[in-house]
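Take a look at the structure set out below.
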Amino acid sequence: MSQALSPFDLRDTLRQMVAVLQEERQALAGLDLDGIMGSASAKSTMCDAIDMAGISAIDDECRGLLRIARSGQKDE
């Protein structure tokens, strides 16, 4: 059985998710089917990992990363 993510691992996974979402946006803009499918696969894997993280693992930094991922905007 897999172990729940630590807050550090959750932050790392969320950062990766933001990067994948940016890559997906570029793939969609360029109609790059391989890029779109690769992004979908990566997102699915990361969503499974994030789902395993308990609510206690979500700190302020994670909330910020979740807002970025939800809005699709790059953190500036």
Pair Asp60-Arg63, side-chain contact (heavy atoms from CB on, under 4.5 Å): steps then yes or no: CA-CA 5 Å; Asp60 289 339; Arg63 282 185 189 89; 3.4 Å; yes

Check against side-chain contact (heavy atoms from CB on, under 4.5 Å), Arg25 and Ser39: CA-CA 9 Å; Arg25 186 179 317 127; Ser39 295; over 6 Å; no

Closest heavy-atom pair and its distance - Ala27, Gly35: CB-C, 3.7 Å

Heavy-atom closest pair, residues Glu24 and Lys43: OE2-NZ, 2.8 Å

State the [atom1]-[atom2] distance between [X] and [Y], to the nearest 0.5 angstrom.
X     : Y     : atom1 : atom2 : value
Leu21 : Leu14 : CG    : CG    : 10.5 Å
Leu10 : Glu61 : CG    : CD    : 9.5 Å
Met46 : Asp12 : CE    : CG    : 10.0 Å

